[in-house]
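These notes concern the structure reproduced below.
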Amino acid sequence: MIAYFTLFASALIAATILPLQSEAVLVALMLDGTRPVAVLLMVATVGNVLGAVVNWGLGRFLVRFKDRRWFPASQDRLQQAERWYRRYGLWSLLASWVPIIGDPITVIAGVLRAPFWPFLALVTLAKAGRYLVLAAVTLAWVG
């Protein structure tokens, strides 16, 4: 059970703006071979999606403080991100799995008040897809 919790926690934290990688934990647990891959994929996906939901919520909440000095993005950067997001819209959430840019996309979706259910569906598709590809590559490599 500790292994599942570790995978869930690493996937959740990795999806926030904190730097952490859940892929290594997932691959290590897959290579261990004592747990069903489908369950590992589900746990990693749920954790990673929940982390993206945290980002979305932070974006919705923190935008009210955008004029404060301590706000993490300048007005120019916020406007640039808004223009980019408005250009590509909700479909940009399919890139939420991409390192470095994926997490900020989910925050900006919250700032711009993207509707929750489409946000959740697209992020789940993106994050589950990434883990599925990783599992397929890992299993092909060791198989």
Side-chain angles (χ1 to χ4, degrees), residues 1-66 68 70-74 76-143:
M1 201 58 159
I2 291 174
Y4 291 124
F5 177 77
T6 301
L7 177 60
F8 177 84
S10 69
L12 186 142
I13 294 168
T16 66
I17 56 174
L18 300 174
L20 189 66
Q21 291 215 341
S22 59
E23 292 85 355
V25 177
L26 176 60
V27 168
L29 290 172
M30 286 177 57
L31 293 177
D32 178 42
T34 60
R35 292 163 193 85
V37 172
V39 174
L40 292 173
L41 291 173
M42 183 183 66
V43 168
T45 299
V46 169
N48 214 236
V49 169
L50 186 57
V53 169
V54 167
N55 286 347
W56 178 85
L58 284 172
R60 285 184 69 105
F61 174 74
L62 290 178
V63 72
R64 69 181 77 178
F65 299 110
K66 66 183 177 183
R68 304 281 172 93
W70 55 263
F71 192 75
S74 70
D76 288 340
R77 295 288 290 171
L78 191 58
Q79 288 174 349
Q80 178 185 11
E82 286 180 18
R83 281 192 305 273
W84 184 86
Y85 186 82
R86 289 188 197 286
R87 180 176 179 187
Y88 297 103
L90 280 172
W91 296 109
S92 66
L93 292 168
L94 291 173
S96 63
W97 67 271
V98 177
I100 299 172
I101 66 164
D103 300 336
I105 289 172
T106 60
V107 173
I108 292 299
V111 167
L112 296 178
R113 301 199 171 283
F116 180 74
W117 294 112
F119 167 88
L120 186 63
L122 290 168
V123 167
T124 300
L125 182 65
K127 303 237 182 215
R130 183 224 14 232
Y131 285 129
L132 282 169
V133 169
L134 179 63
V137 168
T138 301
L139 294 173
W141 179 64
V142 297

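Atoms considered below: every heavy atom in the structure, side chains included; atoms not considered: hydrogens, waters and symmetry mates.
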[X] [atom1] to [Y] [atom2] distance, which is reported to the nearest 0.5 Å:
X	Y	atom1	atom2	value
Leu7	Met42	CG	CE	10.5 Å
Trp97	Asp103	CH2	CG	12.5 Å
Leu50	Thr45	CG	OG1	12.0 Å
Gln79	Arg86	CD	CZ	10.5 Å
Leu26	Arg130	CG	CZ	9.0 Å
Trp141	Met30	CH2	CE	11.0 Å

*Val53 and Leu120: side-chain contact (heavy atoms from CB on, under 4.5 Å), yes or no, with the steps?*
CA-CA 8 Å; Val53 169; Leu120 186 63; 4.0 Å; yes
4.5 Å side-chain heavy-atom contact, [X] and [Y]:
X	Y	result
Thr138	Leu31	yes
Leu58	Val54	yes
Tyr85	Leu93	yes
Leu40	Tyr4	yes

For [X] versus [Y], what's the shortest heavy-atom pair and its separation?
X	Y	value
Ala114	Arg60	O-NH1, 4.0 Å
Ala15	Ala52	CB-N, 3.7 Å
Gly89	Ser92	O-OG, 2.7 Å
Ala14	Leu20	CB-O, 3.1 Å

*Reference residue Lys127; test side-chain contact (heavy atoms from CB on, under 4.5 Å); the match among Asn48, Leu122, Val46*: Asn48
*Can you tell me if CZ on Phe116 sees more than 12 non-hydrogen neighbours from other groups inside 6.0 Å?*
yes
